[in-house]
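As the structure lists them, so they are numbered: ligands from 1, and atoms in each ligand from 1. The figures that follow rest on heavy atoms only: side chains count, while hydrogens, waters and symmetry mates do not.
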Amino acid sequence: MNDRFATIRDRMVQEQLIPRGISNPQVIEAMREVPRHCFVDDALQSRAYGDFPLPISAGQTISQPYIVALMTEALALTGAERVLEIGTGSGYQAAILSRLCSQVYTVERINVLLAGARRVFDQLRYFNIVAKLDDGTLGWPEYGPYDAIIVTAGGPEIPQPLVDQLEDRGRLVIPVGDQHLQVLQLLEKKDDGVQIRDLEKVRFVDLVGEHGWR
Ligand code: SAH
């Protein structure tokens, strides 16, 4: 996409992502392509490519670009996957995923955010994303199991419904911890159970729901 932010987006990739170890070429290409400024308020557009999270509506945030890239890379997508996201928020993370897999299912519990994200998906013609309003800690059983699941809000533990809705050999990435600090965990489902690895300390807004914070 050729827009007035293309150069600044390229700089974001060169200065924030590559030096910190983001190396998957498809992830880098998606971060270069998706117009992040379309997912924030007009007043914040000039700051959309900064090295920090930004506020969106309803007291929520759009994650820092590096964290979006890190979580996306952890899913090791090859293009054919069906991916579930919990916490649509602005829609930016779902948009990045939509460039790297075949279908994105995303769940958001706050209606104004869901409506805003849907508008941007339509505007950008990202037609392989479906979104619904619900408690995402319950997953989205109708379309499961998923090849990959990403949770973009922090909870006290990994919601069991999400593990249940993950395909064998699937990957799930989620921030787990208390309400101030979490660790990004990568869960891989193997024949003989699950393997969990800690990636990085992070700070996310609360995952609120039946299997999250009440
Ligand atoms: N992926 C988003 C990040 C948004 S912040 C983006 O790219 O902008 C996290 C979002 O998770 C918030 O919008 C919050 O409302 C949502 N959320 C929190 N708990 C949730 C739950 N149980 N189900 C669905 N969404 C939830």
Check: Is there at least one pair of N or O atoms, one from Gly209 and one from ligand 1, spaced under 3.5 Å apart?
Finding: no
Check: Hey, does Asp135 come in under 3.5 Å of ligand 1, counting only N/O atoms on both sides?
Finding: yes
Taking only heavy atoms of [X], which atoms of ligand 1 are found under 4.0 Å from at least one of them?
X	answer
Gln93	1 (N), 7 (O)
Gly136	21 (C), 22 (N), 23 (N), 24 (C)
Thr88	1 (N), 2 (C), 6 (C), 8 (O)
Thr61	3 (C), 4 (C), 5 (S)
Ile110	15 (O)
Leu113	13 (O)
Asp134	23 (N), 24 (C)
Val107	24 (C), 25 (N)

Checklist line | Close aromatic pair by centroid cut-off 6.0 Å: Tyr126 and Phe121 | finding: no
Are the side chain of [X] and the backbone N or O of [Y] linked by a donor-acceptor pair below 3.5 Å?
X	Y	answer
Asp147	Arg82	yes
Thr152	Ile86	yes
Arg171	Ala74	yes

Under a 4.0 Å heavy-atom limit, does [X] contact ligand 1 with its side chain, its backbone, both, or neither?
X	result
Val205	side chain
Gln60	side chain
Asp206	backbone
Thr152	both
Leu207	both

Item checked: Residues Thr72 and Gln93: side-chain donor-acceptor under 3.5 angstrom -> yes
Margin query: For Asp178 and Gln182, which I'm curious about, is there any donor-acceptor pair between the side chains at under 3.5 Å?
Written below: no
Notebook entry, point to check: After noting the C-alpha distance and the side-chain angles of Glu108 and Thr88, does the key distance pass the side-chain hydrogen bond (donor to acceptor under 3.5 Å, both in side chains) rule?
Noted result: CA-CA 5 Å; Glu108 171 56 54; Thr88 315; 4.6 Å; no
Margin query: If hydrophobic clusters are built from ILVMFWY residues whose side chains come within less than 4.5 Å, do Met12 and Ile8 share one?
Written below: yes
Item checked: Heavy-atom gap Val68 to ligand 1 smaller than 4.0 Å -> no
Check: Can you find a non-hydrogen atom of Glu85 under 4.0 Å from ligand 1?
Finding: yes
Item checked: Residue from His37, Glu15, Gln16, Arg11 passing side chain to side chain donor-acceptor pair (under 3.5 Å) with Tyr49 -> His37
Check: Would you call Arg9 and Asp3 a salt bridge, taking side-chain N to carboxylate O under 4.0 Å as the test?
Finding: yes
Next item on the list: In plain terms, say whether Lys132 and Asp134 are close enough for a salt bridge, that is, a side-chain N and a carboxylate O under 4.0 Å apart.
Entry: yes
